[in-house]
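What follows is a set of notes on a single structure, which appears directly below.
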Amino acid sequence: MELFSLVTAGLPSFGNPYTVFLVIAGSVLGIIFGAIPGLTATMGMAIFLPMTFTMSDVNGMLFLIGIYVGACYSGSLSSILVNIPGTPSSIATGFDGYAMTRKGEAGRAIGYSTVSSALGGLFGVCILIFAAPVLAGLALEFGAQEYTGIALLGISIVSYISFGSTVKGLIGAVIGLLLATIGQDVITAYPRFVFNVRDLQAGLEMIPVMVGFFGVTEVLVKLEQTRQLKTVLPKIRNVLPSVRRLTRMAPMMSVSSTIGTFVGAVPAAGGAIASMAAYGIQKRFSKRSKEYGTGIAEGVVAAEASNNAAVGGALVPMLSLGIPGDPQTAILIGALMINGLAPGPMLFISRPDLISTIYIGSVLSVFVFALVGLLGARYFALLIRVPRRYLLPGIMMFCIVGSFAIRNSVFDIWVLLACGVLGYLLQKIDILPAPIILGFVLGPILEDNFRRSLIMSDGNWTTFFTRPLSAAILFINLFILTGPFVFRLAKRFAGKVFK
Amino acid sequence: MAAVTRESWISFAVCVFTGGIVFFDTLRYPKLNTQGFGQGPGFYPQLLAGVLICLGVLIPLNDLRTPSPGMDRDSDRPRYGVVVSFTGLSLALVLLMQYLGFMASGFLFMLLSVFLVKPGRDRWNGILPDLGVSLGIMVLIYLLFECLVGIELPGAVFGG
């Protein structure tokens, strides 16, 4: 009954036509951003986040979730049609999707992609509805020591699964943690790293930093490329998939959705890893294993069901613990904080209507993209052709206006540009923006709880190990960071012993 | 014998330099005795600086242990000149906004950026569409932010 109350508490919000309009508008914007190669869900959310400042917290969250959900789906359009993934989470979709297009089955591929994305998305939201309150309940038992461990866990995982090396991922995260220390120290109010700049006293605003690293950095990276690929779009016909075939694929879709949800719940994993994992596992165990990659619907379904289910999964740690499940949920955390709300277990108690609205809004966004995808795919496909010379300067303008909008401060625009250039330069040495931003978001949580733990224990570091839950979380951290290295050493040692 | 790549040396330098600056800056922060072990506001950044330096040292060591394949380089030469020029235009936009207003400086930025991003041989083709699109994007931003959402545009809209 309590769960039922939590799920339905937000229903009255949807009686307002403006709220419904924002969900639809967000989903459509997300589809546009996801469909255009080079634009991502993260960029779309970062650019439009400032537009939510004048909205209520409910409307702002729904708008951003619409963009998130829509973009996670529509990245498959360009992946299927021209073999250029619109978003990283659509890479695996192209393996079979583009092959289907070459066989003249582009419409069918889009149809299967749309339906499996929708069903995967709904599955992910169902898991979210059941899992988030349970995890939030557990988190109420957490103290400062446990939150320190959880923040470290987020950083460890993002570093471990970063594309490129774990060490570079950790370096990115530490850079993000250092950026978060700029400004007045939270405990002593002593100004740190302000270099006599008055505007730095309050620290760096989250939005310019996020938009800088996710938006401006990407613009600069895309500018390097010498030419825009000329894309020839195939004809899109017979989009609606066969119901009988879909029913036969139901068990496979369930497995992919489950994989997607649980991978999505891992901090920093996201749809890209979820879809790759699901595709790989389905290929491994399928009776048609050898046909994967040649253009079969099962390949498209495996990837797409998983990548949209990851959305629901990523929202679980975000809502219940305040730990972002991926860069997109880091932006959602930013949106909550702008409205003076802190994600975490207390949000379930203080604002059940907001939690419920997020559940219902996610479901509504799924229906919007499913309808738009099935009816309008051939029109959205034209977005793939938008010339880069208009797209990139336009995105830059949106980034600049958005950063200014937080405090009406030109200083935030300078922060935006500085972060964009820094992110671009760091990418050259394989240090990617995602760990930096996750470090920046988790920085205040980590420092605050770490120092409070030490203050409460009079500087005794064993406080992190004497509490069982904290010790368990720290052990998991250690396992994630050193496990692969230890296994390799053990294997080498065993090989030498048994030779 | 495995060699350390150039990217690894740069990463090492970035980490050590950044960690060093942070560490030395925090040495002058006060050490307070109100927190049980009296490290003050500099303790946490110093810890992070130490971690960063250690991680920086790991990168070349990792190369020596396991040779890195090196970073993939695109066959097309990256247009670094365009990146630098575009960044310069962005900086100029922020400076000019205070004097020309957002719409005028933004329009100039859009037009010059569109011109810059085009490949060399196509630069002078299609100037009219470029003008139209640049103006269209500025109008869209004005309508979306100033009119629809009510967010003030930077530098006053039309100057002053």
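Residue numbers begin at 1 in each chain, while the letters A, B, ... track the order of the sequences.
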Could you tell me whether A:K168 and B:E7 have a side-chain N and a carboxylate O separated by less than 4.0 Å? no
Measure distances from [X] to the heavy atoms of chain A and classify the residue's part below 4.5 Å as side chain, backbone, both or neither.
X      : answer
B:V51  : side chain
B:Y44  : side chain
B:L93  : side chain
B:V133 : side chain

Against chain B, work out which of A:I431, A:N408, A:V186 has the most heavy-atom pairs shorter than 4.5 Å and name it. A:N408
Just so I understand: if I count every heavy-atom pair under 4.5 Å between each of A:T181, A:I400, A:V401, A:V221 and chain B, which residue has the most?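 Most heavy-atom pairs under 4.5 Å with chain B: A:V401.
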Using non-hydrogen atoms and a 4.5 Å limit, figure out which bit of [X] sits close to chain B: side chain, backbone, both or neither.
X      : result
A:V219 : side chain
A:L417 : side chain
A:F193 : both
A:L178 : both

Taking the side chain as every heavy atom from C-beta outward, state whether [X] and [Y] have any atom pair closer than 4.5 Å.
X      : Y      : answer
A:R452 : A:T148 : no
A:M396 : B:S90  : yes
A:L432 : A:Q427 : yes

Hey, would you say the B:F109 and B:F86 ring centroids sit under 6.0 Å apart? yes
Any idea how A:F450 and B:F43 line up, ring-wise: parallel (<30°), tilted (30 to 60°), or perpendicular (>60°)?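 Taking B:F43 first and then A:F450, their aromatic rings lie parallel (interplane angle under 30°).
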Under the side-chain contact (heavy atoms from CB on, under 4.5 Å) test, residues paired with A:L422 that sit two or more places apart: A:F213, A:L426
Which of B:L89, B:V94, B:L140, B:I137 touches chain A most, by non-hydrogen pairs under 4.5 Å: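 Option with the top pair count is B:V94.
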